[in-house]
Amino acid sequence: MTYKDLADLIFPNAKNISYYEEKYPKRNLPEGAVVARVAPSPTGNVHIGTIYQGLIARKMADQTKGVFFVRIEDTDQKREVEDGISQIIQSLKNFDIIPDEGMTSADTEIGNYGPYKQSDRKKIYEAYAKYLIEQGKAYPCFCTPEEVEEIRKKQESAKIRPGYYGIWAKCRNITVEEAIEKIKNGEKYIIRFKSPGREDRKIKHHDIIKGNVDFPENDQDIVIIKADGLPTYHFAHAIDDHLMGTTIVTRGDEWLSSVPLHLQLFQELGFKAPKYAHTSTLLKNDDGNKRKISKRKDPEAAASYYVEEGIPSGAVKEYLLNIANSNFENWRRANPDKPINEFDFQINKMSVSGALFDMVKLLDISKIVISKMSAEEVYEKSLTWAKKYDKELEEMLSDKDYSLKVLGIERGNKKPRKDIAKWSDVKENIIYMYDDKFLNKDQEYQYQVINNKEEIEKILKLYLEKYYNENDDKDTWFNNIKELAGELGFAKEVKEFKQNPGKYSAHVGDVSTVLRIALTARINTPDMYEIMKVLGKESIAKRFEKALK
RNA sequence: GGCCCCUUGGUCAAGCGGUUAAGACAUCGCCCUUUCACGGCGGAGACAUGGGUUCGAUUCCCGUAGGGGUCACCA
């Protein structure tokens with residue numbers, strides 16, 4: 001009886017690995033081309049970290065004329081969520097992260113190195129597991145989960161390093177004959193890797209981001225095929241990234257400590273290991289402590305959060321890129337209008353330590369991103385958002401011509417307004433410009449310096465009768481307000497007012513404020529000249545009338 | 001607890017043996033201005049700590065403290 005007999009008994013139908021090695025030949029890519037990927041699990045809300053990883057991987061592939069693919073790691077069926085795959089695809093799409101290969105929907109895919117869903121690759125893993133068993137590098141383990149747990153408890157109470165290794169690996173030295181007999185008797189088993197490692201030896205690893213890291217060798221006989229017949233992450237990672245030709249594995253640094261295991265797996269399988277780039281995790285301040293952004297506790301951990309809030313994907317990408325390469329913001333300042341794919345991303349310049357997620361900064365970036373958009377673009381994007389999340393805003397925007405004018409106020413010039421950080425800000429920003437919203441609602445008018453009824457009435461009436469002409473240019477328009485102020489005994493110039501304390505009760509600015517408040521019921525607004533232009537004379541008159549009621 | 005990683009202002013961070021220790025966000029003040037936003041100018045604010053090495057350490061080494069990660073038939 002040989003290892004081969006055992007392997008044949010366990011995986012009677014598995015193909016020889018040469019079949020797969022030939023089926024998935026080396027990629028024909030230019031020198032230096034990076035094959036990168038993102039490999040999420042369909043376990044629910046897509047994590048912002050997945051977007052982060054995807055962004056980085058996509059960028060590297062683009063910059064080197066390489067390949068970026070998406071692989072679905074669905075080997076944990078217990079945690080899998082219905083719709084999980086489409087959520088992932090959709091989320092990546094929301095951020096314009098489009099894969100060259102991989103899943104394109106829950107059940108379709110493109111590319112020659114598939115299947116790109118691990119549960120569809122079962123046969124492939126079996127072939128390689130069989131290969132390992134034939135070599136005596138893997139073995140069936142008959143320990144039940146309870147037994148393994150017991151071993152762990154013993155180790156803990158004896159203060160010994162826990163795990164399935166060395167003398168604790170009970171099934172490691174079972175003879176082929178015994179194993180075959182147990183299997184024939186119907187005993188349940190899983191497949192474990194027979195680690196050749198020794199804990200007292202060190203390995204050196206050079207990580208693209210973390211630099212040189214030394215670890216003890218792995219000596220754990222980890223599970224490679226679970227009771228459900230599917231592989232564990234470690235095994236699938238080695239097989240898949242080998243067969244799919246991944247050159248750089250980017251993943252969160254929670255994987256860093258598995259590197260010794262993974263390197264060993266590649267070694268024993270006879271594969272060339274990829275390079276690794278372990279990115280720092282996005283952290284969050286929690287009562288003074290830093291911790292990983294968590295799907296469960298933090299809404300901002302979900303990629304969908306940004307969509308719901310209406311933060312443009314472009315802004316999120318800029319923020320993420322800024323965390324990834326902090327020189328991004330310098331580049332952005334020097335190149336305010338270039339698309340971000342022209343930014344030269346350097347993975348080895350990524351920070352070694354984790355960054356606290358800064359929502360304030362994100363929103364600041366978002367303000368700038370939105371300020372550069374045309375009225376048309378703002379219109380389209382906020383409408384798309386409103387259709388899903390805000391019926392009232394959608395209704396307001398249904399008058400497209402008018403909305404375009406409203407959104408065009410102080411936009412498109414050298415110093416565009418920066419008061420919208422997210423689409424959910426839009427409504428509050430423009431609602432007073434819509435007559436049906438403004439006129440039909442009770443408004444509170446908080447007059448400032450000039451606040452007695454008669455004066456206000458005089459200002460509004462006189463302004464409409466005598467000083468407002470729809471076709472005035474801005475200078476004429478404002479001169480008229482000065483004239484109005486003068487006629488009513490207020491200072492025509494603010495300077496004059498300040499130079500002659502006591503002479504005037506108010507100045508032209510105060511008169512403007514009355515107009516502004518009567519018009520909008522707000523103390524602060526964008527440029528009033530433009531507002532009046534958009535409202536038009538009829539609306540202005542109605543608003544004054546309402547203010548005087 | 002073992003192993004691994006990290007530590008520059010409130011936050012993100014330049015720096016890589018000699019710098020007045022950049023910059024961005026936030027914050028404060030001033031200016032611009034009919035309000036706000038923008039913009040401009042300026043202020044306050046940092047090398048966790050103790051030892052080395054060195055003519056000289058934020059930078060190199062060791063310890064301490066603090067933080068993070070990981071130790072599954074989860075990824």
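Protein chains get the first letters and strands the later ones, always in sequence-line order, with residue 1 at the start of each.
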Check whether the side chains of [X] and [Y] place a donor and an acceptor atom closer than 3.5 Å, and report yes or no.
| X | Y | result |
| --- | --- | --- |
| A:Asp472 | A:Asn469 | yes |
| A:Asn218 | A:Gln264 | yes |
| A:Asp76 | A:Tyr233 | no |
| A:Thr246 | A:Arg37 | no |
| A:Asn479 | A:Thr476 | no |
| A:Ser86 | A:Asp83 | yes |

Tell me what [X] touches on the nucleic acid: a base, only sugar-phosphate, or nothing, going by heavy atoms under 4.0 Å.
| X | answer |
| --- | --- |
| A:Lys159 | nothing |
| A:Phe357 | nothing |
| A:Ser280 | nothing |
| A:Arg79 | base |
| A:Ala355 | sugar-phosphate |
| A:Glu73 | sugar-phosphate |
| A:Ser258 | nothing |
| A:Trp477 | base |
| A:Thr525 | base |
| A:Val360 | sugar-phosphate |

Shortest side-chain distance from [X], nucleotide among [options]:
| X | options | result |
| --- | --- | --- |
| A:Met528 | B:rA26, B:rU34, B:rU35 | B:rU34 |
| A:Asp364 | B:rC25, B:rU35, B:rC74 | B:rC25 |
| A:Glu254 | B:rG23, B:rG69, B:rU34 | B:rG69 |
| A:Glu410 | B:rU11, B:rA75, B:rA37 | B:rA37 |
| A:Asn524 | B:rC25, B:rA75, B:rU35 | B:rU35 |
| A:Lys361 | B:rA75, B:rU34, B:rA24 | B:rA24 |
| A:Leu356 | B:rC38, B:rC12, B:rG69 | B:rC12 |
| A:Arg333 | B:rG69, B:rC73, B:rG23 | B:rG23 |

Does NZ or CZ of [X] come closer than 6.0 Å to the centre of the six-membered ring of [Y], within 45° of the ring's axis?
| X | Y | value |
| --- | --- | --- |
| A:Arg251 | A:Tyr276 | no |
| A:Lys182 | A:Phe142 | yes |
| A:Arg161 | A:Tyr165 | yes |

Using heavy-atom distances to pick each residue's nearest nucleotide on RNA chain B, tell me which of A:Ile481 and A:Val148 is more 5'.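 The answer here is A:Ile481.
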A:Ser512 or A:Arg192, whichever maps to the more 5' nucleotide of RNA chain B: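 Mapping each residue to its closest nucleotide by heavy atoms, the 5'-most match is A:Ser512.
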Both distances below 3.5 Å, Watson-Crick or wobble geometry, any strand: find the nucleotide opposite [N].
| N | result |
| --- | --- |
| B:rU34 | none |
| B:rA48 | B:rU64 |
| B:rC73 | none |

Stacked pair A:Tyr233-B:rC74, distance under 5.5 Å, angle under 30°: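 Aromatic stack with B:rC74 absent for A:Tyr233.
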Hey, does the side chain of [X] come within less than 4.0 Å of [N]'s phosphate (OP1/OP2), counting only N and O?
| X | N | result |
| --- | --- | --- |
| A:Thr232 | B:rA75 | no |
| A:Lys418 | B:rG39 | yes |
| A:Ser326 | B:rA14 | yes |
| A:Ser351 | B:rC12 | no |

Between the base of [N] and the side chain of [X], is there a donor and acceptor pair under 3.5 angstrom?
| X | N | answer |
| --- | --- | --- |
| A:Lys226 | B:rC73 | no |
| A:Arg161 | B:rC71 | no |
| A:Glu156 | B:rG1 | no |

Using the 3.5 Å cut-off, write out each protein N or O paired with an N or O of nucleotides 4-10 of chain B and the distance between them.
unit_1 : atom_1 : unit_2   : atom_2 : d
B:rC4  : OP1    : A:Lys202 : NZ     : 3.0

Just do the side-chain hydrogen bond (donor to acceptor under 3.5 Å, both in side chains) check on A:Asp74 and A:Ser119 with the steps written out, would you? CA-CA 6 Å; A:Asp74 61 342; A:Ser119 57; 2.5 Å; yes
